[in-house]
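Working notes for the structure below.
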Amino acid sequence: MTSLKMPSVLVESPNTVYDGDFIEANYRYTSNRVTQKDGIFQVKPVEENIKIRTGRKLNKLGVMLVGWGGNNGSTLTAAIEAHKHKVTWNTKRGLKKPDWFGSLTQSSTVNIGYDSTDGSPVYVPFKDVLPTVDPEEILVDGWDISSADLNQAVRRAAVLDVNLQDKLEPFLKDFQPRPSVYKEKFIAQNQRERADNVLPGSDASMVDRLRADIREMKRRSDLVVVVWTANTESLCPVLQGVHDTADNLLRAIQEGHADISPSVLFAVAAILEKCPFINGSPQNTFVPGVTELAAREGSWIAGDDFKTGQTRMKSVLVDFLVGCGIKPVAIASYNHLGNNDGRNLHSKPQFEAKRVSKTNVIDDIVVSNSILYQPGEKVDHTVVIEYLPYLGDSKRAMDEYTSEIMMGGLNTIVLHNVCEDSLLAAPVILDLVVLVELASRIAFQTQHSSPDWLPFTSELGVLSYMFKAPVVPQGGNIVNALSKQRACIINLMRACIGLPPEHHIDLESKVH
Ligand code: NAI
């Protein structure tokens, strides 16, 4: 563990105790139980007193990226190094210095109340509500099937300004991705020419090797988080006797079954090392055997598929429309891009994994409104991705939303979004690892669990904000709407310091 950080926000309340290594909050958790009888909704508010304990000592955080030399992995590493070494660079728009725009934890703020003198709202940086890891303190390591070092990888990605690339060269050139698992069956054939850094041997021996890599990183850090930001794999068939239980999966790995994907091998290695595993791509890495193994080993998993651009916008826009009482009926989403992700997604089986996670993102919003949508009714929704090499990482997303408005009217909204894909993804990956580290220090004591402290469940649904297809515990509610996902994280952080959820009523300026 690293230093004990002094809190930037101190709550003065008998319900919030700053006690040595912990912040302990007595929290009244309220919710409503609803029954329907004779067309009437009967609502019963229920409440439970719980204790929430947050460790104040930060872990030395080690992040291991699978696909380290890819656009996301290299951009994230470059940004961390640029911050660490205070690198500045010249552009045609003047001198630039590093920032984390696009990061919830580093660049957004949270309202914590109203100024005691003039009543104006007071906002603090998100990262200061609770002690969180400083990105500059993060150690990065990882694997790639391509042997390019991180300096070469940043240049190949062509995401960052060339002046910045030049300045970062001394800090990046010694970062060498570890050899990785390569199985032609799971990623596009067009990736083959990149694969010059691959592990030999059986699945079982590769898992042992990955575990040894993770253990090496553990010697340099207190908490190692493994993040899959490698190419999207094809969906793997979920076979009885192979992927269905933890024991069957472990046996299938020992026997070298052909349908075990590289991402499953990484997930198993991380879980067995009790390290959180994050899946940033859409494939079904979290087969039942993996989720069971994570629960059994007490390891955390989170996924699937980073929510960064078009889909993030969709989970805002559809929520906004439906919240207004307007009925989206048809959505067409076109993408074209020229980076290696686009090249891989050009192949049908990999595209199929992406299509599924991109279209499911409005499901919870549609079912929330039974005035607009009948049970089972779907929005007519299509997603297209084309590969246009010239554009590199500059992704174009064009969306058309057609909605029914009053009295037979139609409303069509068209969006055209252009930006470097990896500059949206890198801060999201940073948020994920910062929040996983925070989550690892939070525990709950409920009336049922007392005196035991319960950690978060192994599926970290609290991180849904960052994923297109959030993985939640079986029977849990999947939330896609971005504003609800953000409110969940913020209200949970407030709960950790004994503050009630943000309600926005602001009665002080409405009633005198
Ligand atoms: P990329 O193609 O530039 O990087 C992927 C890297 O993974 C490559 O360097 C490749 O050599 C490596 N790789 C492939 N298989 C591997 C394996 N088995 N082990 C280790 N390394 C392996 O792609 P990019 O743009 O960095 O995206 C990474 C992933 O993140 C893709 O699956 C993409 O769909 C997903 N994603 C990206 C978003 C974005 O905004 N950039 C948003 C949502 C998801």
Side-chain angles (χ1 to χ4, degrees), residues 64-78 102 141-150 152-154 156-159 177-188 190-199 203 206 209-210 213 226-234 260-267 269 278-283 285 303-313 335 337-347 350-351 353-355 357-358 361 385 387 392-395 397 417 419-429 432 466-469:
M64 297 191 84
L65 301 170
V66 192
W68 192 15
N71 285 21
N72 289 349
S74 60
T75 305
L76 175 66
T77 310
D141 200 310
W143 302 264
D144 205 295
I145 55 170
S146 158
S147 63
D149 65 46
L150 265 285
Q152 293 164 330
V154 160
R156 174 177 61 190
V159 173
R178 297 162 190 265
S180 191
V181 183
Y182 177 62
K183 292 192 175 188
E184 281 204 21
K185 187 173 174 174
F186 289 95
I187 57 171
N190 60 30
Q191 300 296 313
R192 187 184 295 164
E193 64 206 45
R194 234 178 138 97
D196 62 355
N197 191 35
V198 302
L199 285 173
D203 283 6
M206 286 194 281
R209 172 66 188 265
L210 302 179
D213 290 343
V226 178
V227 183
W228 179 274
T229 179
N231 288 118
T232 298
E233 297 174 330
S234 52
I260 311 287
S261 64
S263 65
V264 166
L265 296 181
F266 271 98
I278 294 171
N279 179 29
S281 303
Q283 73 275 335
T285 305
D304 291 328
D305 205 3
F306 305 130
K307 184 159 79 166
T308 56
Q310 183 178 59
T311 319
R312 186 154 58 168
M313 185 68 110
N335 302 261
L337 72 169
N339 61 16
N340 189 53
D341 180 30
R343 190 169 147 87
N344 182 60
L345 292 174
H346 203 47
S347 157
Q350 287 71 27
F351 168 71
K354 196 62 137 186
R355 190 192 62 77
S357 80
K358 269 182 168 279
V361 74
I385 303 180
Y387 176 52
D393 204 59
S394 173
K395 182 167 165 187
N417 181 26
C419 72
E420 289 89 344
D421 220 15
S422 310
L423 295 182
L424 292 182
V428 169
I429 302 175
L432 278 164
M466 288 92 185
F467 296 112
K468 290 191 188 70

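Numbering of ligands and ligand atoms starts at 1, following listing order.
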Among protein heavy atoms, which lies nearest [atom], and at what distance?
atom: atom 19 (N) of ligand 1; answer: S180 OG, 2.6 Å
atom: atom 44 (C) of ligand 1; answer: D305 OD1, 3.1 Å
atom: atom 4 (O) of ligand 1; answer: G70 CA, 3.1 Å
atom: atom 18 (N) of ligand 1; answer: V181 O, 2.7 Å
atom: atom 11 (O) of ligand 1; answer: D144 OD1, 2.6 Å
atom: atom 43 (C) of ligand 1; answer: F306 O, 3.1 Å
atom: atom 2 (O) of ligand 1; answer: N340 ND2, 2.7 Å
atom: atom 8 (C) of ligand 1; answer: R194 NH2, 3.4 Å

Find all atoms of ligand 1 within a distance of less than 4.0 Å from any non-hydrogen atom belonging to [X], and give their numbers and elements.
X: G67; result: 6 (C), 7 (O), 12 (C), 20 (C), 21 (N)
X: N71; result: 1 (P), 3 (O), 4 (O), 25 (O), 26 (O)
X: G69; result: 9 (O)
X: A425; result: 39 (C), 40 (O), 41 (N)

Next on the checklist: Just to check, does E233 reach to within less than 4.0 Å of ligand 1 when the distance is taken from its heavy atoms?
Outcome noted: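 It does not; every heavy atom stays at 4.0 Å or beyond.
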
Checklist entry - Of all the heavy atoms in W228, does at least one lie under 4.0 Å from an atom in ligand 1? => result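 Yes.
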
Checklist entry - Side chain of R343, backbone of N190: donor and acceptor closer than 3.5 Å? => result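 A pair under 3.5 Å: yes.
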
Checklist entry - Distance-only, no hydrogens or angles: does the S261 side chain make a donor-acceptor pair with backbone N or O of V264 under 3.5 Å? => result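 Such a contact is found between S261 side chain and V264 backbone.
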
Is the closest side-chain heavy-atom distance between [X] and [Y] below 4.5 Å?
X: Q191; Y: N340; answer: yes
X: Q310; Y: I385; answer: no
X: W228; Y: P262; answer: yes

Checklist entry - Which residue from N339, I187, N72, L65 reaches closest to atom 30 (O) of ligand 1 through any of its heavy atoms? => result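 Among N339, I187, N72, L65, the closest heavy atom to atom 30 (O) of ligand 1 belongs to N72.
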
Checklist entry - When you measure from atom 42 (C) of ligand 1 to each heavy atom in D341, T229, N197, T308, which option holds the nearest one? => result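 Among D341, T229, N197, T308, the closest heavy atom to atom 42 (C) of ligand 1 comes from T308.
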
Item to check | Exercise: identify the closest heavy-atom pair between A148 and P177 | outcome: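 Here A148 and P177 meet closest at O-CD, 3.2 Å.
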
Item to check | Heavy-atom closest contact (F467 atom, D304 atom, distance) | outcome: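 Smallest heavy-atom distance, with atoms named: CB-O, 3.5 Å.
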
Checklist entry - Can R194 and E184 be counted as an ion pair, charged N to O under 4.0 angstrom? => result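 No, no charged N to carboxylate O under 4.0 Å.
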
Item to check | Residues that R178 engages under side-chain hydrogen bond (donor to acceptor under 3.5 Å, both in side chains), provided they are two or more places apart | outcome: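 Here the qualifying residues are D141, D213, E216.
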
